[in-house]
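What follows is a set of notes on a single structure, which appears directly below.
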Amino acid sequence: MLDIQFIRDNAETVQRKSEEKGYKVNIGELLELDTERRSKLTQIEELRARRNALTAEMKGQKPSPEQVEQGKQLKEEIAAREIELTAVEDKFWPLLKKVPNMPLDEVPVGLTEDENVEIRVWGDKPEFGFTPKNHAEIAEAKGWLDKERGAKIAGSRFVYTMGDLVLLEMALWRFAMDVLTSETTLKKIAEAAGLQVSTKPFIPILPPAAAKQAVFEATGRLNRQEQTYKIEDEDLWLNASAEHTIAPIYLDEILSEADLPIRYVGYTTAFRREAGTYGKDTEGIFRLHQFNKLEMESFTTAETSYDEHLFLVAIQEYLTQQLGLPYHVLEKCTADIGRPNAKGVDVEVWLPSQNTYRETHTADYIGDYQTRAMKTRVRRQGGTVELAHTNDATAFSQRPLVGILENYQTAEGDVAVPEVLRPYMGGREVL
RNA sequence: GGAGAGGUCGCAUAGUUGGUCUAGUGCGCUGCACUCGAAAUGCAGUAUACCGGCAACGGUAUCGAGGGUUCGAAUCCCUCCCUCUCCGCCA
């Protein structure tokens, strides 16, 4: 949620930047409602002050008939004004929540993801002496994926993953966990990236995979139409990322500055409806209704959050480099960063079968957009209270498996194991 | 899921014939005094949000959440959430 005070002071900018992100919001109407709301609020508070004064007059004695009559009138007036206020607020709050976070000035303006800007390229694309297969062909030939039975049991975009691919996936989680919980490794990554950030390790966490609606809405990530699954007859929505249940962990809490940054690395199964993607990425495990993901989430002060974002990106690149997967990094344009985000970076891994890079990681710079709604604050050393900042970023999803299968495939249809994963695979070099 | 007991200021607690209770006390924390320093002691302070104000400050709200009764609710009523104990069921 954006600060209404900020919107009052910067109405034109907010209108323009919202449009640059592809959101239709009527800031003029919002501000009219805001004015009306404040005027009603003032009226009500004055009436209540009169009521409080009247009660104080009685000092525990029985009220006179006149006082009772006065009180009754005040009561009725307050009730009437409150109904008017509610009517205004019912329009005001949904409108305010619709206003997207403001992209930083450095974010490239664009209307589609085609206008994302490549900022780095890493690694050599593999050259095969044969026609490379796509990951689904490799995995299905090995008996690692059963899409048909997945569809029989749960429908399209659900699969059974089996055998060595399961072990490889778990190796990925364990490898990333070891990186993220090692202060030594984090220090190395920060230094290589030239960042002056805390090297405090991440805390592993297994969060709930579902959240109440009000909580989910506070994260700004509830997407009813296209993405999020609702549990019938319950006030519960399934998470589409561990971020959705880790970010609100300090809902309604005030953290101590001394405890920051707080970094979590969390694993959950994620659920996405993927409405509107019919026919896209139907092969294999690239786009599923249910997938597994390891997510990084940081809570910081305002002045350290931007570097924290860059740090998370550096970690993403480090992890991908360690796997030996060629990738490039995109600075996402205004249309692609998402409503709660002020800036976003994607890491995309090279897929030989598609002869292109595909998204494996996202890093979101959010600022205080989530914490304002979640009421997650920091008490500074001096005693003042302000909003905390959040950052989230993918550590690994299942998608790097797609990259491994395709980039490490052999002419025989086998898959070599990236060196860093071998310790987690019983030392095996080829699957 | 069933029965019972509870949810009060960072923590622990007081507070049910409704009124001077946003709320007492202890601990913790902050400042000051005392001290060479510390402890102990004494004094003062110690929530958050919104609205108005340049500010000082003022107002309003919040005793799990929401609604109701009343001139007036932490205190009464209803719904929901959570915790604990017992039973049932299960990983």
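Because the structure is predicted, anything quoted here is derived from the model rather than measured. In what follows, chains carry the letters A, B, and so on, assigned in the order in which the sequence lines appear, proteins first and then strands, with residues in each chain numbered from 1.
The ring-ring contact (aromatic ring centres under 6.0 Å, His included) check on A:Phe286 picks up nothing, with sequence neighbours excluded. In this structure A:Arg372 satisfies the salt bridge (Lys or Arg N to Asp or Glu O under 4.0 Å) test together with A:Asp368, sequence neighbours excluded. In this view, A:Lys17 and A:Asp105 satisfy the salt bridge (Lys or Arg N to Asp or Glu O under 4.0 Å) rule, not counting sequence neighbours. For A:Glu148, the salt bridge (Lys or Arg N to Asp or Glu O under 4.0 Å) criterion is met by no residue, not counting sequence neighbours. Applying the ring-ring contact (aromatic ring centres under 6.0 Å, His included) test to A:His389 and every residue at least two apart in sequence or in another chain returns nothing.
The separation between A:Glu253 atom CD and B:C11 atom C1' is 15 Å, rounded to whole Å.
Nucleotide B:U13: paired with B:G24 (Watson-Crick or G-U wobble, both distances less than 3.5 Å). Across all strands shown, B:A91 remains unpaired; no Watson-Crick or G-U wobble contact has both distances below 3.5 Å.
Residue pairs meeting the salt bridge (Lys or Arg N to Asp or Glu O under 4.0 Å) criterion with at least one partner in residues 298-315 of chain A, sequence neighbours excluded, are A:Arg263-A:Glu308, A:Glu303-A:Arg380. Judged as a side chain to side chain donor-acceptor pair (under 3.5 Å), the pairs with a partner in residues 78-89 of chain A (not counting sequence neighbours) are, in order, A:Arg37-A:Glu89, A:Lys40-A:Glu84, A:Arg48-A:Glu82, A:Arg81-A:Glu84. Residue pairs meeting the side chain to side chain donor-acceptor pair (under 3.5 Å) criterion with at least one partner in residues 393-408 of chain A, sequence neighbours excluded, are A:Glu169-A:Gln398, A:Ser353-A:Glu406.
As rounded to the nearest Å, B:G19 and B:A23 have C1' atoms that lie 14 Å from one another. Atom name P, nucleotides B:U70 and B:G10: the rounded distance is 34 Å, in whole Å. Of the C1' atoms belonging to B:G66 and B:A56, the separation is 38 Å, rounded to the nearest Å. Here, B:A91 and B:A3 have their C1' atoms 25 Å apart, quoted to the whole Å. Taking atom C1' in both B:U60 and B:G7, one finds a spacing of 26 Å when rounded to whole Å.
Using a 4.0 Å cut-off, no side-chain N or O of A:Asn52 falls inside it from OP1 or OP2 of B:G59.
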The contact string for nucleotides 65-81 of chain B, one letter per nucleotide 5' to 3', using protein heavy atoms under 4.0 Å with B, S and - for base, sugar-phosphate only and none, comes out as -----BBS---------
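Residues of residues 42-49 of chain A that place a heavy atom closer than 4.0 Å to RNA chain B, in numerical order, are A:Thr42, A:Glu45, A:Arg48, A:Ala49.
Residue contacts for A:Arg81: at a heavy-atom cut-off of 4.0 Å it reaches no nucleic acid atom on any strand shown.
In this structure, A:Trp173 has its ring center at least 6.0 angstrom away from the ring center of A:Phe396.
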Output one line per pair: protein atom, nucleotide atom from nucleotides 46-48 of chain B, and distance, for all N/O pairs under 3.5 Å.
from, atom 1, to, atom 2, distance (Å)
B:U48, OP1, A:Arg379, NH1, 3.0
B:U48, O3', A:Arg377, NH1, 3.1
B:U48, O2', A:Arg377, NH1, 3.2

Check residues 149-166 of chain A and write down every donor-acceptor pair under 3.5 Å in which the side-chain atom is one partner and the other belongs to a residue at least two apart or another chain.
from, atom 1, to, atom 2, distance (Å)
A:Arg149, NH1, A:Asp146, OD2, 2.6
A:Arg157, NH1, A:Lys280, O, 3.3
A:Arg157, NH1, A:Asp281, O, 3.3
A:Arg157, NH1, A:Arg287, O, 3.0
A:Arg157, NH2, A:Thr277, O, 2.8
A:Arg157, NH2, A:Thr277, OG1, 3.3
A:Arg157, NH2, A:Lys280, O, 2.9
A:Asp164, OD1, A:Arg428, NH1, 2.9
A:Asp164, OD2, A:Arg428, NH2, 2.8

